[in-house]
Structures are given as C-alpha cells and as structure tokens.
Amino acid sequence: MDSRFYITTPIYYVNDRPHIGHAYTTFAADALARWRRARDENVLFTTGVDENSQKTVDAAAKTGEDLRAYTDRLAELWESTWKQLGISNTDFIRTTEDRHTAVVNDIWTRIDAAGDLYRSRYEGWYCKGHEAFLSEDELTPDGLCPDHRVKPELVSEENYFFRLSKYRQPLLDFYAAHADFVAPANRFREVAAFVEAGLEDISFSRERKEGRAEWGIPVPGDSHQAIYVWADALVNYISAIGLEGWEEHPADVHAVGKDILRFHAVIWPAMLMSAGLPLPGQVIANGFLTVDGVKMSKSLGNGVDPLDLAARYGGGAAGIDAVRYFLLREVPYGQDGDFSEAKMKERYNGDLANGLGNFAARVLALAEKETAARGFLAPPISGADREFANVLADLERAVDAKMGELRFHDALASVWAAIAFGDRYVNEKKAWEIADDAARNETLFNLVTLLSGIATVLVPFLPGTAQKIAYAIERSGDGTLKARKIEALFPRMAQ
Ligand code: MSP
C-alpha cells in the first residue's frame, strides 16, 4: 500500500512578514500532517515563498535593498518563523530556485503542446502605484484605484492566454466524480457554481518592459514575456517532488485560504488537465481571521506576529501550543474568525491552565507519590473500570472522525470533555485519600492511562505539550507504569 501522504500550504508572498492569518493556514496543515504521521503514513509537507511577483519588486524598492538581497532576507524570515513555530514541513520551496524554474518551463511547454496557449491582445487598467493591472471590479465605482485614488491607465498589450474556457465541462465532470475535491462543502458549491456560469480564457503572461515584469520567469522561447505569477506559483507543488514524483503520487491535500480557492480548485486542475498530469486529491480552504474585528493589513500595521504572541503566552513550546490551540479551537475550520487578546487569554486560562494543565499536574503529582512509595503502578487485576475504558476508546474514535472532517475545533472539544471526565473521576474517587492500596493503585493507573491517551490524541494540536506529558510517563514491557511530576504546563496568566 502507498502510505505516502502529501500536503501543502500556499507559498506566501514575500512583500509581508508572517502574521497569524498565515500561521493559521500553516498550523491547520501541520495538524493534518502530524495526525497522518501518527498513523504511520509517510508524510511530505511543503511550504515556501512566492517570490516572482511585482509585489516583491515594489517591497524591495521601498526598503531600498537590492532585489536579490531583499528576497533572500524575507525567504529566510519565513523559513525561520516556521522553524521557530515548530512547523513540521519537510521541504521549503522558493520560486527563484532552479528546481522550480525548470518545472515551470516544462509545464508551460506541455500546456503549449496541448494547444492551450495562444497570443492575444490584453487590455486592462494599469495602476502605476501598484505596478499591476487591476480588474474592473477592483476599481472604485468611479473607476479609481482604491488604494492610490488615481485613475489607472488603460494599457493594451500582447500576452499569452490560457484556454481556461475549454476546461469548463471537464472540470464539472471531475467535480461530479470527486465529491470531496473541495472542503468545506459550501465552498465546493461556490466553486462549482462559478465554473458552471462559464469560464473565460486568462492572460498567462506579462510583457517584460522597464519597470514591469522584468522580474519573473521568462516565457520559454519568448524572452519578451514573463510567465504570470500564478501560472508560476501553482507549479511549486510539483517542483517540490519533481514531475515524476507528481505523476506517481500528486498532492493529497492543498491547504489554502478562501481568498485563493479559485486558483487552486479551478485554474490549477485545468492546467494539470492540459499538461496531462494527475490532479490533487483535495483542496481545503480556511476562512479569514480578523483582529479585534478588523481585517489585518500591511497598511494598518495590525498584523499579529505569531512569534510575539507565543512569547507573550510563556514562550517556548507552551507559548506556541497556546497559539495553535486558540486558532484551531476558537474558529470552526472554513468559517471566518476573530482574534483578540481577551479571547485568547480566556482560552489560555480556562482551557489550558485550569483545564489540561491542572489535570496533568494533579494526576502526575499523585502518581509520582505512588511510584515513589511502591516503585510503579500496576495494571488493575480486576479488569479495568468499564466506563473508564470506554471514555478513552470513544475519544480516540471521535478525534479521528473529526480530523477526517476537518472539524479541528470539535476534535478539541472532545478532548476537553475527556479532561472534564478525568477531573470528575479524581474528585469522585477522592484519589488523594484512598486508603486501600489496590483501589488507590487502580484509580491512579486509570488516571495516568487517561492522561497518556489524551497526550496521544493531542499530538497534532499541541505537539510540545503532548511530548512533555509523554516524557513524564514511563511504561514498562510488563504493563506497569511510572510517572513523575512536571513543571506547570501553562502557568496561569494575570487577567
Ligand atoms: N502567493 C499567493 C499564494 C500562492 S500558492 C500557489 C498568496 N500569498 S499570501 O501571502 O497572500 O498568502 C495567502 C494565504 O495566507 C491565504 O490564502 C491564507 O491561507 C493565508 N492568510 C493570509 N491572511 C489571512 C487571514 N487574515 N486569515 C486567514 N488566512 C490568511 O496568496
């Protein structure tokens, strides 16, 4: 059986620093990657940066840095941010790498050979401030650039066009045969309706002239044109594993934000059909995060830096897990959500410090005492407490089912229900004052088993915390357990 699993994040533009919106998409993909790995799948998980954009040129010009030096610096910033956040990606793609350029050339050549590229005149509104074309619907009602408040220039140039219109029916047929191709389902309906309404061919290149499209990958055989940044960027998913790798096993999941779903669920599959290559298994789209109800934007400077945020919640693995927890617990996947310090603190103190942290501390402290007195905790002879055994088995099943449906928030709610059960169990049994050795041993054995099971299902969500708990519990070949106390997992934060 092919146990490979290939998952990707978008490749992010280097005109900006990573904020929690980007981190949200990356954490969701990371949770899925870790979940698959825990099921012994051989996971390939890629992320990276999209460099061949006019935005890069503009951003570099603003800093006054050399374009190359700027791009290298930003690529390094993105890569090291993911590393510091503990993202388990197995590769990092830059679109200025040779391995990428080579595959982009191959794909372009295949699409061309299929007869799907033709030259035509492109007319559009060119905004000098943006150094980019704006579509009619991006303009204000009186025809101005919404950011620069000036009337863009009507530019007309020859470009290569991709025959997207030809793929309307093949796409609809493909969607009909793959009911899970886009998730959540409501987004799939939107995509299908969009395609149903008819597709227009799209400009797939830009004329290279001074100040515009000098940067980017030249069209094979026509150095006067640069490949349109999206036609270049989407190919990164193949560059990471090579054409043969993709033919053998294309991506299972592309995790993206809802803003770029059409590129992934319409244009990308059409490009692959044209190039005669297999299609990805699924495109999943998260909703958008606001901060205190306001859209994060570079000009407002209200983007929350995920590393700063983690540092404010204790730093290290605990701080990172707190951020991951908040994002995956607070926002049902696919829906828009809002971040605020107040909500984050509430989740942190309520769910992490008082919930998981307190439960782990209690169980491990009691178990350590027992381990110190008797050497170990023995499995109960009487046969485990039925209710207790069911809780753990149900939890594992529930988490698996909910992960499969991308209901991260629900999977976490199930884990917290098991923690609440554990808390009740400690209190009802009065685990700290049971006089009978066998009964006390059994209760503590059960509690440590529950905590260990909770840590296991938390691996995709709170990897650092799960590891700390796992390290505190030692299981021997004969089924006995030893446990030791650990430092507070999530020290309570002042209100
Ligand atoms: N470079 C393209 C993607 C090319 S993929 C072949 C791009 N880059 S981006 O830097 O703008 O990042 C877009 C992605 O970041 C979104 O699709 C989304 O996944 C994530 N997010 C950016 N801001 C976000 C929020 N405010 N909220 C949630 N996700 C956000 O588009």
Side-chain angles (χ1 to χ4, degrees), residues 38 317-318 321 325 348-401 411-459 461-492:
D321 280 359
Y325 177 76
Y348 179 90
N349 279 335
D351 300 359
L352 296 176
N354 292 351
L356 175 61
N358 186 46
F359 177 63
R362 276 175 105 186
V363 169
L364 292 174
L366 290 167
E368 182 184 77
K369 231 168 112 190
E370 192 72 5
T371 304
R374 313 213 331 178
F376 55 81
L377 292 162
I381 322 163
S382 60
D385 181 324
R386 277 276 134 240
E387 187 193 5
F388 181 85
N390 288 341
V391 167
L392 208 48
D394 290 351
L395 174 64
E396 282 160 10
R397 256 196 310 275
V399 170
D400 265 356
L412 285 165
S414 304
V415 182
W416 261 257
I419 295 172
F421 168 84
D423 274 331
R424 278 199 307 278
Y425 191 86
V426 182
N427 295 340
E428 279 164 18
K429 300 259 176 187
K430 296 205 179 358
W432 59 93
E433 61 178 34
I434 304 174
D436 177 66
D437 280 354
R440 192 177 60 247
N441 175 84
E442 175 167 346
T443 304
L444 292 177
F445 186 92
N446 283 348
L447 282 166
V448 173
T449 304
L450 176 62
L451 178 62
S452 157
I454 285 172
T456 304
V457 296
L458 281 178
V459 165
F461 306 100
L462 308 178
T465 307
Q467 193 177 57
K468 286 184 205 164
I469 298 173
Y471 281 163
I473 301 170
E474 195 185 313
R475 195 183 304 272
S476 303
D478 61 3
T480 60
L481 294 175
K482 286 182 184 169
R484 55 180 182 76
K485 282 198 293 213
I486 50 178
E487 272 178 43
L489 291 170
F490 299 101
R492 242 193 109 75

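Every value quoted in this text rests on a predicted model; they were computed, and no experiment measured them.
A donor atom on one side chain and an acceptor atom on the other are found under 3.5 Å apart for Asn427 and Arg362.
The nearest pair of heavy atoms linking Ala378 to Asn441 is O-ND2, 2.8 Å. Taking each heavy atom of Ser414 and Leu395 in turn, the nearest pair found is O-CD1, 3.5 Å. Counting all heavy atoms, side chain and backbone alike, Ala367 lies closest to Ala483 at CB-CB, 3.7 Å. Heavy atoms only, all atoms of each residue included: Ala431 and Leu366 are closest at CB-CD1, 4.0 Å. Of all heavy-atom pairs spanning Ala318 and Leu489, the tightest one is CB-O, 3.5 Å.
Put simply, CZ on Phe388 and CG on Leu450 are 4.5 Å apart, with the number rounded to the nearest 0.5 Å. Within the model, atoms CG of Leu447 and CD of Glu370 stand 11.5 Å from one another, a figure rounded to the nearest 0.5 Å. A distance of 11.0 Å separates CG in Leu377 from CZ in Arg475, rounded to the nearest 0.5 Å. Note that the CD1 atom of Ile469 and the CG atom of Leu451 stand 5.0 Å from one another [nearest 0.5 Å]. Considering CG of Leu462 and CG of Leu412, their distance stands at 7.0 Å, rounded to 0.5 Å. Rounding to the nearest 0.5 angstrom, the gap separating the CD1 atom in Ile486 from the CD atom in Glu368 is 10.5 Å.
Judged by distance alone, with hydrogens and angles left aside, the side-chain atoms of Thr480 form no donor-acceptor pair with the main-chain N or O of Ser476 at under 3.5 Å. With Trp416 contributing its side chain and Gly355 its backbone, the two residues share no donor-acceptor pair below 3.5 Å. Distance alone, capped at 3.5 Å, is enough to place a donor-acceptor pair between the Thr449 side chain and the Phe445 backbone. A donor-acceptor contact shorter than 3.5 Å links the side chain of Arg440 to the backbone of Ile434.
In this structure, Phe490 and Tyr348 have perpendicular ring planes: the angle between them is above 60°, well past the 30° mark.
By the 4.5 Å heavy-atom criterion applied to side chains, Thr371 and Glu474 are not counted as neighbours. Residues Arg484 and Tyr471 meet the side-chain proximity criterion, which asks for heavy atoms closer than 4.5 Å.
Checking each of Asp423, Asn354, Leu364 against Phe359 for a side chain to side chain contact (heavy atoms under 4.5 Å, CB included) leaves exactly one that passes, namely Asp423. Residue Thr465 is tested with Leu356, Leu352, Val459, Leu458 for a side chain to side chain contact (heavy atoms under 4.5 Å, CB included); the sole match is Leu356. Here the rule is side chain to side chain contact (heavy atoms under 4.5 Å, CB included) with Phe421, and of Asp394, Val391, Leu392 only Val391 fits it.
Ion pairing between Asp400 and Arg397 fails under the 4.0 Å rule for side-chain N and carboxylate O.
By the 6.0 Å contact criterion, CD on Glu487 is open, its count of non-hydrogen atoms from other residues, nucleotides or ligands being 12 or less. Heavy atoms of other residues, nucleotides or ligands lying less than 6.0 angstrom from NZ of Lys468 number more than 12.
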